[in-house]
Protein chains: 2
Amino acid sequence: MSTSRRRKHSYHHGDLPATLLRAAGKILEEEGVDALSLRELTRRAGVSHAAPYRHFPDRESLLAALAAEGFALLGEAQREAAAAAGLRGMGETYVGFALAHPQRFRLMFGGTVRIARHKALREVATRAFDGLAGALAARSPEAQGARDASIAAWALVHGLAQLLLEGRVAQAARAGRSEARFVSDVLATIRFAAGAPARAAAAVDQSA
Amino acid sequence: MSTSRRRKHSYHHGDLPATLLRAAGKILEEEGVDALSLRELTRRAGVSHAAPYRHFPDRESLLAALAAEGFALLGEAQREAAAAAGLRGMGETYVGFALAHPQRFRLMFGGTVRIARHKALREVATRAFDGLAGALAARSPEAQGARDASIAAWALVHGLAQLLLEGRVAQAARAGRSEARFVSDVLATIRFAAGAPARAAAAVDQSA
DNA sequence: ACCTGAACACCGTTCAAGT
DNA sequence: ACCTGAACACCGTTCAAGT
C-alpha cells in the first residue's frame, strides 16, 4: 500500500545514515546547499521527515558530514598529485576538484557550516591542508618565509578556484584555451620568493 | 496605539527601499545572510511582511542590492589604493575590505546571489574588477601573459581573504604578527612573471 | 533501538483589499 | 501609488507514541 518505500523490510533498513548522505550528496550536487532541505531529503529517501534526527542532531550536522566527505576526497587527490605531479600538479588538482564538484566546494568553504563546531569535519579539513603546506615547506625550509609562501600558494589556487566557480573570470580572459590549460597558464605566472627575506623583497618589488 | 511605527505619517514614509536596505545591511553584518529573513527585516523596519515586494521582486533581489553596495565600496577603495599605494596596496586593501566586512564579502562571493541575473549588480561587480586587472596590465602590457598574471594576482588576494575569513589559517602561522603585517608578508612572497613567456617559465620552475 | 505523525514556530510569496 | 492582512505551501525541530 505504501507508495514510495522501496526497501525490503522497510522499518529498520540497515543504514539510514549512509542512505541519507548519498541522497543528500545528490541533491547538493544537483541544486546546491540552499535547495537541500531535510524534508525534501526524507521524501527522496522514503522515510519520515523526523527520521534524520535519530542520526544527526540537526541540519548543519548533516551538511558537516557532506563537507567532511569533500575534504577527505580533496585531501586524497592532493596526496596523489603530490606524489605524481609535484607542486604545480597539486595546485591544478585543487582547482580541478573545485570545478568538478562546485557545489561541494562551495559547501566546504562557503561559511554555511561552522567548521570549528564539528570535530570530525575540523580534523579532516586540517589534514587536507597539512599536505599542501608540507609540500611547500619541504621545498624551502627557512621557517617563516616558507610558511608564508605556502599560505600564498594555497590562497592562489583557492582564489582561482573560487573565481572560476562564481563565473567572475570573463570568457575573454580564457582566450580560447581549455580550462586545464588556462589554469596551468595562470598558475605559471607566479614565482615564489621563499628563499629571500620577505620584507626586503617586498620593498624592492613594490617600487613600481 | 501602534507599538512599533516610529515614522511621522507612517503610511508612505518617503523611502522604504532605503530604510529596508539600511536595516538589512545591519542584520547581514551582525548575523549573516542566512539570518536575514524578510520577515525579521520587516519586523525591524516596522512595516508589514509584504511591504518589501512593492520595491524588490523577491528576497534574492534585495540581497543583490546589498551585494552591489559592497562591490561599489570595494571598487572605490581599490581605486583610492591604486592612486595612493600602488599594486601591493591594492591587494592589501582587498583583503582589508574582506576582513572589515566579512558577511558582506561572503554575500558578494558566496554564490547565494546569482550575479549574472541582476543587471545592476553585474555591472558594478565588473567595474570593481576592471580596476585590478587594469592596474596589472598597465605594468607589463604583453597581452595574454599580463592578463593571466592579473588574474593570478586577483586570485591570490581573493583566496587569502577567503581563507582568513573562514578561519582556515592557523593561529600558529600568524607567528604573532599583526593582521596587516601578516597579509603584507604573505603577499610579499609572490613575484609575477608577466614579462616572460608563461609556458617556458612554468617548465623551468616546475622541475623541482 | 529506531522510526512515525502530529504539532509548533517559523519562512517566502501572492493577492484582494484598504488608504 | 504604496502598504496591509489573510492565505498558501513550504521549512527545521520536538516529542509522545508506535514497532
Side-chain angles (χ1 to χ4, degrees), chain A residues 1-24 27-28 30-67 107 112-114 117-118, chain B residues 1-24 27-28 30-67 107 112-114 117-118:
Chain A
M1 212 162 283
S2 89
T3 61
S4 60
R5 209 109 354 114
R6 306 175 207 59
R7 291 272 168 185
K8 298 157 202 199
H9 317 288
S10 133
Y11 228 75
H12 316 69
H13 51 49
D15 202 351
L16 184 53
T19 305
L20 288 175
L21 284 176
R22 207 156 356 106
I27 297 175
L28 172 66
E30 284 168 2
E31 316 185 48
V33 220
D34 292 349
L36 175 39
S37 76
L38 291 183
R39 307 204 68 136
E40 172 62 19
L41 172 61
T42 53
R43 252 175 256 126
R44 293 207 195 184
V47 293
S48 87
H49 60 257
Y53 290 90
R54 296 303 107 215
H55 305 283
F56 302 94
D58 52 26
R59 178 176 180 268
E60 184 175 330
S61 299
L62 191 147
L63 297 182
L66 288 175
L107 174 64
T112 304
V113 176
R114 274 86 45 102
R117 298 196 191 181
H118 303 270
Chain B
M1 211 164 278
S2 90
T3 61
S4 59
R5 209 111 351 118
R6 307 175 205 61
R7 293 270 167 182
K8 297 156 203 200
H9 317 288
S10 135
Y11 228 75
H12 316 69
H13 52 47
D15 203 351
L16 184 53
T19 305
L20 288 175
L21 284 177
R22 209 159 351 106
I27 297 175
L28 172 67
E30 285 167 359
E31 315 185 48
V33 220
D34 292 350
L36 175 39
S37 76
L38 292 183
R39 311 213 52 146
E40 172 62 19
L41 172 61
T42 53
R43 254 174 255 126
R44 293 208 197 184
V47 292
S48 87
H49 61 257
Y53 289 90
R54 297 302 110 215
H55 306 282
F56 301 95
D58 53 25
R59 178 176 179 267
E60 184 176 330
S61 299
L62 191 148
L63 297 183
L66 289 175
L107 174 65
T112 303
V113 177
R114 274 85 46 102
R117 299 196 191 183
H118 303 270

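By convention in this document, chain letters (A, B, ...) are assigned in the order of the sequence lines, proteins followed by strands, and residues within each chain are numbered from 1.
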* Asked: Which of the following nucleotides, C:dC3, D:dG5, C:dC15, is nearest to the side chain of B:R54?
  -> C:dC15

* Asked: Has B:H49 got a side-chain N or O lying under 4.0 Å from the OP1 or OP2 atom of D:dA6?
  -> no

* Upstream residue (5' side of DNA chain D) when B:H55 and A:L36 are each assigned their closest nucleotide -> B:H55

* Structure fact -> Stems for DNA chain D (at least 3 consecutive Watson-Crick or G-U pairs, under 3.5 Å) come to C:4-8 with D:12-16, C:12-16 with D:4-8

* To do: For A:A51 and for A:R39, find the nucleotide of DNA chain C with the closest heavy atom, then tell me which residue's nucleotide is more 5'.
  => A:A51

* Asked: Taking CG from A:L20 and P from D:dG12, how many angstroms apart are they, rounded to a whole number?
  -> 13 Å

* Considering heavy-atom distances to DNA chain D, does A:Y53 or B:P17 have its closest nucleotide positioned more toward the 5' end? -> B:P17

* To do: Determine, for B:E30 against B:R44, whether the closest basic-nitrogen to carboxylate-oxygen distance falls under 4.0 angstrom.
  => yes

* Asked: Rounded to the nearest Å, what distance is computed from the CZ atom of residue B:F56 to the C1' atom of nucleotide D:dC3?
  -> 15 Å

* To do: Apply side-chain contact (heavy atoms from CB on, under 4.5 Å) to the pair B:H49 and B:R43, showing each step before the final yes or no.
  => CA-CA 7 Å; B:H49 61 257; B:R43 254 174 255 126; over 6 Å; no

* Can you check whether A:S37 has a side-chain N or O nearer than 4.0 Å to OP1 or OP2 of D:dC11? -> yes

* Value in whole Å for how far the P atom of D:dG12 lies from CG of B:D34 -> 12 Å

* Asked: Can you tell if the side chain of A:L16 reaches within under 4.5 Å of the side chain of A:R54, non-hydrogen atoms only?
  -> no

* Asked: Is any side-chain N or O of A:R59 closer than 4.0 Å to OP1 or OP2 of D:dG12?
  -> yes

